[in-house]
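Lettering follows sequence order; numbering is per chain, from 1. Basis for what follows: all heavy atoms, side chains included, without hydrogens, waters or symmetry-related copies.
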Number of protein chains: 2
Amino acid sequence: MSFGTPQGEMPRQAPIRLLIADDEQLIRGALEALLGLEPDIEIVAGADDGVMAAELTLGLLPDVCLLDLEMPRADGIEAAEKIIAEAPEVRVIIVTRHARPGVLRRALAARISGFVPKSMPAGELADVIRDVAAGKRYIDPEIAAAALTAERCPLTERELDVLRVTRTSSSVQDIAEALFLSTGTVRNYLSAAMTKLGAANRRDAAEQAWQQGWI
Amino acid sequence: MSFGTPQGEMPRQAPIRLLIADDEQLIRGALEALLGLEPDIEIVAGADDGVMAAELTLGLLPDVCLLDLEMPRADGIEAAEKIIAEAPEVRVIIVTRHARPGVLRRALAARISGFVPKSMPAGELADVIRDVAAGKRYIDPEIAAAALTAERCPLTERELDVLRVTRTSSSVQDIAEALFLSTGTVRNYLSAAMTKLGAANRRDAAEQAWQQGWI
DNA sequence: CGAGACCTGTGACAAATGTCACGGGTGACC
DNA sequence: GGTCACCCGTGACATTTGTCACAGGTCTCG
């Protein structure tokens with residue numbers, strides 16, 4: 001378009017090399033179309049899941065990775081951890097549908113550079129990518145505020161374990177077997193968690209903990 | 001681009017007028033970018049939810065509506081029902097993340113013209129839109145096969161009602177109050193549904209019925 | 001060392017849940 | 001008219017779940 005002619009006060013010589021990971025092909029293709037319109041962004045690869053995203057990233061070393069949070073095999077944060085551990089110069093942006101406060105904390109702990117919800121206007125995404133490529137950070141202000149006002153987790157490690165399994169088990173018996181505990185112990189943990197969270201039953205408690213991003 | 005010059009054997013005079021509804025702005029914007037690249041497609045509006053989609057459609061009368069299934073206020077099928085009832089000449093395509101067999105049946109009953117999963121390659125979407133605009137139908141073959149092999153619902157109307165409420169209520173008492181029934185009756189319906197579905201508890205039964213698209 | 005938090009377990013109890021048998025009512029279909 | 005499916009309810013029963021008190025173990029911190 002502009003034959004590389006500098007336009008702004010700080011022109012970037014090479015285009016920003018971008019990798020996009022999203023398990024929904026339609027969405028990934030649409031994002032590629034959206035960002036492909038930007039002259040200073042070059043899409044170098046697309047990935048279907050977290051494992052593939054990490055592998056491609058470590059091979060191609062793009063400037064920026066756009067990772068969906070919900071993906072098979074490895075979620076966006078797991079992929080980000082692997083990427084940043086082995087190629088810390090790559091900047092990672094997490095995109096998510098349901099932004100839970102605790103997830104942002106997990107993402108920040110993984111040292112990601114950007115965190116945006118899918119509710120963000122499409123026109124702003126390219127600017128976020130440019131900021132991140134330039135070494136800045138971008139955290140969605142709504143989610144950041146929610147994460148700051150959210151109280152920290154009152155549950156113990158074991159209570160969290162039990163709630164985690166609760167989400168996929170139907171009976172206390174199942175939970176106990178999965179964790180190699182007696183049913184009585186499981187019920188004690190569940191009762192404690194329910195009391196702390198003010199939940200009426202274990203499923204509500206597990207749902208609350210999930211919403212908060214604690215599990 | 002082509003100044004209206006016929007290019008194919010059956011050139012369409014005017015571009016296809018398209019409305020896109022998706023509650024996630026980023027996705028909607030990306031789809032607009034993707035489809036905006038097609039010279040024969042003109043995006044006339046975007047909507048954030050099902051109610052807004054129906055209102056805009058009835059006002060603008062686009063050729064084709066692309067509706068996300070999961071939306072606030074009214075889901076894609078509810079919006080499609082309203083649109084097709086009042087403006088049957090508008091073609092509707094439903095796009096969905098989790099394609100459950102029963103949902104396809106509901107969508108077909110609403111007389112939609114297209115049904116595509118978000119796992120579809122982005123490049124094919126424009127072709128589907130063209131086919132649909134030309135009066136054809138496009139149903140994703142995977143989902144169609146699943147819908148044909150899926151057995152039909154063994155549950156009675158009332159059992160389905162109870163399972164529907166079960167998904168959002170925590171106790172039998174709540175379900176009974178929501179449906180103006182006695183708790184005993186609710187437990188009987190639940191027991192019957194659980195037996196028919198081979199579920200261990202009411203939540204599993206509700207989950208199964210949901211997965212099948214029966215509720 | 002003592003206090004306190006956490007992990008794990010038991011036993012007892014009340015409430016919620018699921019199962020079963022049974023009753024009466026309606027409406028459709030043969 | 002009889003049969004059948006469905007709707008709605010009751011009552012009795014076993015199981016599951018949630019609550020509570022308590023107890024022994026580890027580990028950390030002052």
Q: Starting from the 5' end of DNA chain C, give me the residue, B:R187 or A:G184, whose nearest nucleotide shows up first.
A: A:G184
Q) How close or far is atom P of D:dT19 from atom CG of A:L197, stated in whole angstroms? A) 12 Å
Q) Restricting to pairs with a member in residues 205-215 of chain B, which pass side-chain hydrogen bond (donor to acceptor under 3.5 Å, both in side chains), not counting sequence neighbours? A) B:E207-B:Q211
Taking N or O atoms only and anything under 3.5 Å, show me the protein contacts with nucleotides 23-29 of chain C, one pair per line.
none

Q: Not counting sequence neighbours, list each pair that qualifies as a side-chain hydrogen bond (donor to acceptor under 3.5 Å, both in side chains) and has a residue in residues 193-204 of chain B.
A: B:E159-B:K196
(Q) It should be established whether A:S191 places a side-chain nitrogen or oxygen under 4.0 Å from OP1 or OP2 of nucleotide D:dT19. (A) yes
Q: If a pair satisfies salt bridge (charged side-chain N to carboxylate O under 4.0 Å, His left out) and one of its residues is in residues 101-116 of chain B, list it, with sequence neighbours excluded.
A: B:D75-B:R106
Q.
Give me the atom names and distance for the closest heavy-atom approach of B:A178 to B:V165.
A. CB-CG1, 3.9 Å
Output one line per pair: protein atom, nucleotide atom from nucleotides 5-8 of chain C, and distance, for all N/O pairs under 3.5 Å.
unit_1	atom_1	unit_2	atom_2	d
C:dC7	OP1	A:R158	N	3.2
C:dC7	OP2	A:T156	OG1	2.7
C:dT8	OP1	A:R158	NE	3.4
C:dT8	OP1	A:R158	NH2	3.3
C:dT8	OP2	A:R158	NE	2.4
C:dT8	OP2	A:Y189	OH	3.0

Q) Would A:R28 and A:D48 pass as an ion pair if we require N to O under 4.0 Å? A) yes
Q: Kindly state which residues belonging to residues 206-215 of chain B come within less than 4.0 angstrom of DNA chain C, counting heavy atoms of the residue only, listed by number.
A: none
Q. Base, sugar-phosphate alone, or nothing: which one does B:T195 contact when heavy atoms must sit under 4.0 Å apart?
A. nothing
